Amino acid sequence: MHEPLPGSFYARDVVQVAREILGKRLVRVTAEGATIGRIVEAEAYLARDDPANHAHRGQTRRNASMFGPPGHAYVYAIHARFCLNVVTEPVGVPSAVLVRAVEPLDGVELMRQRRGTSAPLNLTRGPARLCEAFAIDYSLDGWDLTRGEELWVTVEPNSDPQPVQIATATRVGVTAAQDLPLRFFITGNPFVSRPPRGHGR
DNA sequence: CTACCGATTGACT
DNA sequence: GTCAATCGGTAGA
């Protein structure tokens, strides 16, 4: 139970991984305890022809993890907050999936303490919020998610007989390649960070 | 060294 | 809906 997904899950096309990681569980274990959440929203960053990818202009110290093995974490900071990606595709191909939101399943009280708020929707809805709730920072950049220790992704037990319904939209916040349909989320899940562009009244 | 700026969030009108 | 705090990464002088 809570077996980590193998490297072969990540060593595939980044869009396929971004879609299939939806509905999986993100597990984080520290001395404080465990937190678990269902991944409900993710974005793909392509190795080629994607100017929104941090690796678009080549390898730097920051994005080095994206050039490493699939199934490792790429953690970066933006606006003084952390975001979590999982590295995909073979070594040397800098693609990754940004985990944008999870639905809290276990360890909710610990998430509340770390976030300093009790409103459920504010705990893990958004890439930097979920990192704070799960105590994810630079110390986990490059971490091997296939080890099944400290931080990993696992298949949800008692999977729904019906597969999750996936919607597609444009990525959030990017200023380059704004029109690429590379954001994926579970339709109707309230923990998705924001409705697709053009939604609402 | 300085200047610019972003894969965000939370406060505010 | 709008807007600015925030700070490390990157590029350039």
Side-chain angles (χ1 to χ4, degrees), chain A residues 10 13-15 17-19 21-22 26 37 39-68 70 72-89 93-104 111-143 145 151 153 167-186 190-201:
Chain A
Y10 302 98
D13 174 76
V14 62
V15 171
V17 176
R19 297 178 63 94
I21 206 169
L22 297 179
L26 182 68
I39 298 172
V40 300
E41 181 182 2
E43 288 177 356
Y45 288 84
L46 311 180
R48 296 180 22 148
D49 300 320
D50 183 3
N53 188 331
H54 289 162
H56 183 243
R57 300 193 178 189
Q59 184 169 348
T60 65
R61 189 209 225 90
R62 172 173 70 154
N63 64 27
S65 293
M66 265 202 282
F67 290 81
H72 288 225
Y74 166 46
V75 178
Y76 69 90
I78 183 142
H79 295 282
R81 296 148 204 268
F82 296 104
C83 295
L84 170 68
N85 298 248
V86 299
V87 176
T88 62
E89 307 192 20
V93 182
S95 62
V97 172
L98 171 67
V99 180
R100 281 199 56 90
V102 305
E103 174 181 346
M111 296 182 203
R112 287 196 184 112
Q113 292 173 18
R114 287 169 174 161
R115 288 278 299 129
T117 180
S118 59
L121 282 174
N122 284 338
L123 295 178
T124 58
R125 191 188 49 154
R129 289 176 178 142
L130 81 86
C131 279
E132 188 171 36
F134 278 61
I136 294 167
D137 61 22
Y138 271 153
S139 68
L140 288 167
D141 183 35
W143 184 258
L145 303 172
L151 179 68
V153 181
T168 303
T170 55
R171 295 176 292 187
V172 175
V174 297
T175 56
Q178 298 181 353
D179 295 332
L180 296 180
L182 294 176
R183 175 178 174 234
F184 307 98
F185 56 94
I186 297 179
F191 291 92
V192 171
S193 66
R194 38 170 56 184
R197 200 172 69 188
H199 172 85
R201 61 183 69 238

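Please read these numbers as outputs of a predicted model, since none were measured by experiment. FYI, side chains are in, hydrogens and waters are out, and symmetry mates aren't considered; it's all heavy atoms of this structure.
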- Item | Qualifying residues under salt bridge (charged side-chain N to carboxylate O under 4.0 Å, His left out), relative to A/Asp141, sequence neighbours excluded | none
- Query: Between B/dT8 atom C1' and A/Arg129 atom CZ, what is the distance in whole Å?
  - Reply: 9 Å
- Message: If the condition is side-chain hydrogen bond (donor to acceptor under 3.5 Å, both in side chains), which residues does A/Tyr45 pass it with, not counting sequence neighbours?
- Response: A/Glu43
- Task: Would you kindly give the CD1-to-P distance between A/Ile78 and B/dC5, to the nearest whole Å?
- Result: 13 Å
Report, one line per pair, each donor and acceptor closer than 3.5 Å where one atom sits in a side chain of residues 73-86 of chain A; sequence neighbours left out.
from, atom 1, to, atom 2, distance (Å)
A/Tyr74, OH, A/His54, ND1, 2.8
A/Arg81, NE, A/His79, O, 3.3
A/Asn85, ND2, A/Tyr74, O, 3.2

- Task: Quickly work out the A/His56 NE2 to B/dG6 P distance and round it to whole Å.
- Result: 15 Å
- With A/Glu132, which residues qualify under side-chain contact (heavy atoms from CB on, under 4.5 Å), at least two apart? A/Arg115
- Message: With a 4.0 Å cutoff (strictly under), does any side-chain N or O of A/Thr175 reach OP1 or OP2 of B/dC5?
- Response: no
- Taken in chain and number order and not counting sequence neighbours, the residues that satisfy side-chain contact (heavy atoms from CB on, under 4.5 Å) with A/Pro120 are none
- Query: Could you give the CD-to-C1' distance, from A/Glu132 to B/dG10, as a whole number of Å?
  - Reply: 12 Å
- Query: Would you say A/Thr124's side chain and A/Val102's backbone share a donor-acceptor pair under 3.5 angstrom?
  - Reply: yes
- Note on the structure: By side-chain hydrogen bond (donor to acceptor under 3.5 Å, both in side chains), A/Thr60 pairs with (sequence neighbours left out) A/Asn63
- Query: Once you round it to whole Å, what is the distance between C1' of B/dT8 and CG of A/Leu130?
  - Reply: 12 Å
- For atom CZ of A/Arg81 and atom C1' of B/dG6, their distance in whole Å: 13 Å
- Query: How does DNA chain B look in dot-bracket notation if pairs are Watson-Crick or G-U with both distances under 3.5 Å, crossing ones as [ ], other-strand ones as |?
  - Reply: ||||||.|||||.
- Item | For A/Arg114, all residues meeting side-chain hydrogen bond (donor to acceptor under 3.5 Å, both in side chains), sequence neighbours excluded | A/Thr30, A/Glu32
- Return the value, rounded to whole Å, for the distance between atom OH of A/Tyr76 and atom P of B/dC5. 19 Å
- For DNA chain C, the residues among residues 112-128 of chain A that have a non-hydrogen atom under 4.0 Å from it: none
- Message: Just the rounded figure in Å: distance from P of B/dG10 to NE2 of A/His79.
- Response: 13 Å
- Message: Looking at A/Arg62 and A/Ala55, would you say the former's side chain and the latter's main chain have a donor-acceptor pair under 3.5 Å?
- Response: no
- Query: Can you name the side-chain hydrogen bond (donor to acceptor under 3.5 Å, both in side chains) partners of A/Thr88, sequence neighbours left out?
  - Reply: A/Ser95
- Message: For the base of B/dA7 and the side-chain ring of A/Tyr45, does the geometry meet a stacking cutoff of under 5.5 Å between centres and under 30° between planes?
- Response: yes
- Item | Footprint string (nucleotides 8-13 of chain C, 5' to 3'): B base within contact, S backbone only, - free, heavy atoms under 4.0 Å | SSS---
- Test salt bridge (charged side-chain N to carboxylate O under 4.0 Å, His left out) applied to A/Glu103 - qualifying residues, sequence neighbours left out: A/Arg38
